[in-house]
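Below is one structure, written out as structure tokens; the observations come after it.
Values below: every heavy atom of this structure, side chains too, minus hydrogens, waters and symmetry copies. Every value quoted in this text rests on a predicted model; they were computed, and no experiment measured them. Ligands are counted one by one from 1 in listed order, and the atoms in each one are counted from 1 as well.
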Amino acid sequence: MTPPSPSVGFRFAGTGSSLPPGVLTNDDLAVGMDTTDSWIRERTGIGARHIGSSTSELSTEAGRQAMQRAGLGPADIQQVILATTSPDYICPGTAPAVAHALGLDCGAFDVQAACSGWVYGLVVANGLMLQGMDNILVIGAESLDRITDYTARDTGILFGNGAGAAIVQQDPTGAGRILGWDLGANGDYVHILYAEHGNVLQMDGKEVFRQAVVAIQRTTAASLEMAGLTVADIDLVIPHQANVRIVEAAWKRLGFDMDKTAMILEKTGNTSAATIPIALADSLYRGRISQGDKVMFIGFGAGMTWASVIVEWNGDLTGTEAW
Ligand code: UT7
């Protein structure tokens, strides 16, 4: 059970995102596998995914934008947290290289919680702010093309590359708190989505689908309970996006409205830990978030892991269009 947690007042001082220029459309995939654009769109909601660039390159660009929007220089950032399931190397982590590229000399580490990673990172950042840090760069970034077989009919249609970033900043006025959060995992489901060393992703798509819908319901209920809120109180939901039908199935059970949901996967596919921060920057770009709004992030993915955070928005209102 998740303990209730104090939260410092904080702002999202700046956000950013980056997609590599290479695009793999459904028609491109149909050259190498038995599929069609209409099947992929109907069964997943995905039209294209981006490929190319490394996790560190994409992270650096998203982080640079977030620092610029926040008006912060290298000396201001006290920690880099990089959520990724496709690091540049097995060892070392990718965060130190990103910190170096951004001119930072603070602590830097990776979080590996698959598609839930950026939301895990946000909760960790809140903990570090309780320990006195002021500005923390939380990035979600993936180069999933390195571990995806684009001739496989299950995984090949889903995954793409990208990065999103946010700087969370301690705000002594007390505005912009984390109102509720939940982190969870069940290692009994390792076998339904995994990649062995030197190999590509393997997936039991139907079981991942089923477990994802259960995890979303469970983590949403836990965060809402901690916050003392209901579904109707949430102004915008930013869920992880693997397949639009997973979100629709969970929303039907929870009562969330697709109109209050930030969806980007049609143009990006599943970018794992990067999806939520890319969609956050995109939502700000589109003016979908106002000061004081209750914004909920919901992650779920391999592990299995799941995570959710509800924040009262406080911070920068500019953003980056996802594509
Ligand atoms: O971050 C978490 C990441 N992963 C996920 O969230 C994955 C969740 N699962 C899924 O998204 C879905 O299971 C898939 C999209 C991977 C597959 O969709 P499905 O509706 O579960 O398809 P299925 O495997 O049940 O196959 C249904 C039919 C079969 O044909 P028949 O036997 O009904 O004639 C398949 O052969 O669709 C066929 N099929 C395809 N046809 C065209 C399966 N894959 C494809 C394909 N293109 N890519």
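Using modelled atom types, one finds a donor on one side chain and an acceptor on the other under 3.5 Å when comparing Thr55 with Ser143. Of the N and O atoms on the side chains of Asn135 and Gln169, at least one donor lies less than 3.5 Å from an acceptor on the other residue. Neither side chain, Asp27 nor Thr25, offers a donor N or O lying under 3.5 Å from an acceptor on the other.
For ligand 1, the atoms lying closer than 4.0 Å to a non-hydrogen atom of Ile246 are 6 (O), 8 (C). Every atom of ligand 1 is numbered from 1 in the order shown, and the set under 4.0 Å from a heavy atom of His240 is 1 (O). Each of the following atoms of ligand 1 lies closer than 4.0 Å to a heavy atom of Arg245: 20 (O). Listed by number with element, the atoms of ligand 1 under 4.0 Å from a non-hydrogen atom of Cys115 are 1 (O).
For atom 2 (C) of ligand 1, the nearest non-hydrogen atom from the set Ala242, Gly205, Ala30 comes from Ala242. Considering only non-hydrogen atoms, atom 11 (O) of ligand 1 lies nearest to Asn243 out of Val244, Asn243, Leu201, Val208.
For atom 7 (C) of ligand 1, the nearest protein heavy atom (residue, atom name, distance) is Met203 SD, 3.6 Å. Scanning the protein for heavy atoms near atom 45 (C) of ligand 1, the closest one is Trp39 CH2, 3.4 Å. In this structure, atom 15 (C) of ligand 1 lies nearest to the protein heavy atom Thr44 CG2, 3.7 Å. Nearest non-hydrogen protein atom to atom 21 (O) of ligand 1 is Lys206 NZ, 3.2 Å. Of the protein's non-hydrogen atoms, the one nearest atom 36 (O) of ligand 1 is Arg153 NH1, 3.2 Å. Counting protein heavy atoms only, atom 20 (O) of ligand 1 is closest to Arg43 NH2, 2.7 Å.
The 12-atom threshold is exceeded at OH of Tyr150, counting heavy atoms of other residues, nucleotides or ligands nearer than 6.0 Å. At most 12 non-hydrogen atoms from other residues, nucleotides or ligands lie less than 6.0 angstrom from CZ of Arg218. Counted within 6.0 Å of CG on Asn199, heavy atoms from surrounding residues, nucleotides or ligands total more than 12; the atom is thus considered enclosed. Surrounding NE2 of His191 are more than 12 heavy atoms belonging to other residues, nucleotides or ligands, all under 6.0 Å away. Within a 6.0 Å sphere centred on CD of Glu42, other residues, nucleotides and ligands contribute 12 heavy atoms or fewer.
No option in Leu229, Leu224, Val311 other than Leu229 meets the side-chain contact (heavy atoms from CB on, under 4.5 Å) test with Leu179. No option in Asn270, Thr85, Thr84 other than Thr84 meets the side chain to side chain donor-acceptor pair (under 3.5 Å) test with Glu142.
Within a 4.0 Å radius of atom 34 (O) of ligand 1, the protein contributes no non-hydrogen atoms. Contact annotation for atom 30 (O) of ligand 1: protein absent (non-hydrogen atoms, distance under 4.0 Å). Inside a 4.0 Å radius of atom 13 (O) of ligand 1 there is at least one protein heavy atom. Atom 39 (N) of ligand 1 lies below 4.0 Å from at least one non-hydrogen atom of the protein.
Residues satisfying the side-chain contact (heavy atoms from CB on, under 4.5 Å) criterion with Ile264, sequence neighbours excluded, are Gln241, Thr268, Thr275, Ile278, Ala279, Asp282, Ala322, Trp323.
Contacts between Thr35 and ligand 1, counted as non-hydrogen atom pairs separated by less than 4.0 Å, involve both the backbone and the side chain. With a 4.0 Å cut-off on non-hydrogen atoms, Asp34 touches ligand 1 through its backbone and not its side chain. Residue-level proximity to ligand 1 for Thr36 is absent, since no heavy atom of it falls below 4.0 angstrom.
Using a 4.0 Å cutoff on heavy atoms, Ala212 does not count as a contact of ligand 1.
Between Glu248 and Arg245 there is no salt bridge, since no side-chain nitrogen of the basic residue lies less than 4.0 Å from a carboxylate oxygen of the acidic one.
At a 3.5 angstrom cut-off on N or O pairs, Asn270 counts as close to ligand 1.
Using bins of under 30°, 30° to 60° and over 60° for the plane-to-plane angle, the ring pair Phe297/Trp118 lands in the perpendicular bin.
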